[in-house]
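Written below as structure tokens is the structure these notes are about.
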Amino acid sequence: MSLPHAILTALVEKPSSGLELTRRFDRSIGYFWSATHQQIYRELGKLEAEGFIRTLPSQQPARGQKKSYEVLPAGRAELARWTAASQDPRPHRDTLLLRMRAAAVVGTDGIEADLRRHLDLHERQLAEYEEIEKRDFPPGKDSPQDRLRHLVLRAGIDLETFWTQWLTRALEEFAELPGPETG
């Protein structure tokens, strides 16, 4: 149920077309809640049918014109209800961790190279988040909205920091393991 709420959040922040939403997901919300172009358009249709959003009136003929959407009071109320509701954390599922566990019993072929690849990906993501932080949250930008948005970004920075540290430690462990095992 979170994708509709992610879309409502984005539309409360700024009325947008489906294409603009897709681009905004790619630049912000998508870092922690991804969605394809098709998923976004499908949800826009559902949200409009439920009376949570509406298509903004167009100044030009509608044929070929992209539709922009805004949140209606019912959509804002739904978003507020969802935000206030309690939700338990979800169990973490990660195939790399499962593969590491399997490697303990069947051998480690291929795992070390993939750990290096993952480390590179996480280092790049961390650098991107830190650049966003530097650009979007300079000292003194501390409105309540900015502080909450910064907290979300900090979660991404902290998670990427965790993964880079863990992967570095895992690679150090691999360096100390005896030669290849076949299980």
Side-chain angles (χ1 to χ4, degrees), residues 1-44 47 52-54 56 66-97 114-172:
M1 186 78 164
S2 295
L3 179 56
H5 297 98
I7 291 171
L8 286 172
T9 298
L11 289 175
V12 167
E13 291 174 344
K14 179 183 176 192
S16 304
S17 69
L19 181 58
E20 291 165 338
L21 279 172
T22 300
R23 289 179 180 151
R24 288 173 59 207
F25 263 72
D26 289 344
R27 290 188 321 259
S28 62
I29 292 172
Y31 287 124
F32 56 91
W33 198 269
S34 62
T36 66
H37 186 76
Q38 293 85 2
Q39 289 171 315
I40 289 171
Y41 274 95
R42 188 171 40 249
E43 288 302 326
L44 285 169
L47 290 167
F52 291 155
I53 64 172
R54 74 175 182 123
L56 288 170
K66 62 182 177 184
K67 292 195 255 181
S68 288
Y69 300 89
E70 72 176 352
V71 176
L72 295 170
R76 188 178 278 273
E78 168 56 21
L79 186 58
R81 181 208 60 76
W82 179 77
T83 301
S86 177
Q87 199 170 40
D88 291 336
R90 293 178 177 234
H92 181 73
R93 295 171 62 171
D94 189 286
T95 55
L96 179 62
L97 297 177
D114 208 34
L115 288 172
R116 290 185 193 291
R117 187 179 68 82
H118 278 251
L119 178 58
D120 180 58
L121 292 170
H122 285 287
E123 286 173 337
R124 282 191 267 152
Q125 189 65 64
L126 177 58
E128 185 174 344
Y129 285 164
E130 288 172 336
E131 187 59 38
I132 292 169
E133 182 178 43
K134 200 181 317 179
R135 180 191 70 220
D136 293 351
F137 299 101
K141 189 172 183 182
D142 61 356
S143 72
Q145 295 86 352
D146 288 330
R147 291 172 71 180
L148 291 175
R149 287 181 186 117
H150 194 190
L151 275 173
V152 174
L153 179 60
R154 283 300 321 168
I157 290 170
D158 292 347
L159 283 170
E160 294 303 329
T161 299
F162 161 79
W163 280 111
T164 57
Q165 291 173 349
W166 184 86
L167 287 159
T168 299
R169 184 178 317 136
L171 287 164
E172 289 168 356

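When reading the values below, keep in mind they use all heavy atoms of this one structure, side chains included, and skip hydrogens, waters and symmetry mates. Computed from a prediction, not measured in an experiment: that's the story for all the values here.
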Practice task
Go through the structure and list residues passing salt bridge (charged side-chain N to carboxylate O under 4.0 Å, His left out) with Asp136, not counting sequence neighbours.
Solution key: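 None.
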
Problem - Qualifying residues under salt bridge (charged side-chain N to carboxylate O under 4.0 Å, His left out), relative to Arg23, sequence neighbours excluded - result: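 So Arg23 forms no salt bridge (charged side-chain N to carboxylate O under 4.0 Å, His left out) with any residue.
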
Using side-chain heavy atoms (C-beta onward) and a distance below 4.5 Å, is [X] in contact with [Y]?
X	Y	value
Leu8	Arg76	no
Thr161	Gln165	yes
Leu97	Trp166	yes
Arg154	Ile157	yes
Leu11	Ile53	yes
Asp120	Arg124	yes

Problem - Minimum heavy-atom distance between Tyr69 and Gly18, given as atom pair plus value - result: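 Closest pair (atom of Tyr69, atom of Gly18, distance): CE1-N, 4.4 Å.
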
Exercise for the section: For residues Ser17 and Ser68, report the shortest heavy-atom separation together with the two atoms involved. Expected result: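 In this case the closest contact between Ser17 and Ser68 is N-OG, 3.8 Å.
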
Practice task
Could you tell me how the ring of His122 sits relative to the ring of Trp163: parallel (under 30°), tilted (30 to 60°) or perpendicular (over 60°)?
Solution key: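 It falls in the parallel class, under 30°.
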
Practice task
Answer yes or no: is there a donor N or O on one side and an acceptor on the other, between the side chain of Arg24 and the main chain of Lys14, under 3.5 Å?
Solution key: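 Indeed, once roles are kept as given, a pair shorter than 3.5 Å links the two residues.
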
Exercise for the section: May I ask you to decide if Thr36's main-chain N or O and Tyr41's side chain share a donor-acceptor pair within less than 3.5 Å? Expected result: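 No; judged by distance alone, with no hydrogens or angles, the pair does not exist.
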
Quick check for you: to the nearest 0.5 Å, what is the distance between [X] atom [atom1] and [Y] atom [atom2]?
X	Y	atom1	atom2	result
Leu21	Glu43	CG	CD	11.5 Å
Gln125	Glu130	CD	CD	11.0 Å
Thr164	His118	OG1	NE2	14.0 Å
Leu115	Glu172	CG	CD	12.0 Å
Ser2	Ile29	OG	CD1	11.5 Å
Glu160	Leu121	CD	CG	9.5 Å

Problem - Ile7/Leu47 under side-chain contact (heavy atoms from CB on, under 4.5 Å): CA gap, chis, key distance, verdict - result: CA-CA 9 Å; Ile7 291 171; Leu47 290 167; 3.7 Å; yes

Problem - Residues forming a ring pair (Phe, Tyr, Trp, His ring centres under 6.0 Å) with His150, sequence neighbours excluded - result: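 Phe137.
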
Handout entry: Neighbour count above 12 (heavy atom, 6.0 Å) for Arg135 CZ
Key =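 Yes, because the 6.0 Å sphere around CZ of Arg135 holds more than 12 heavy atoms from other groups.
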
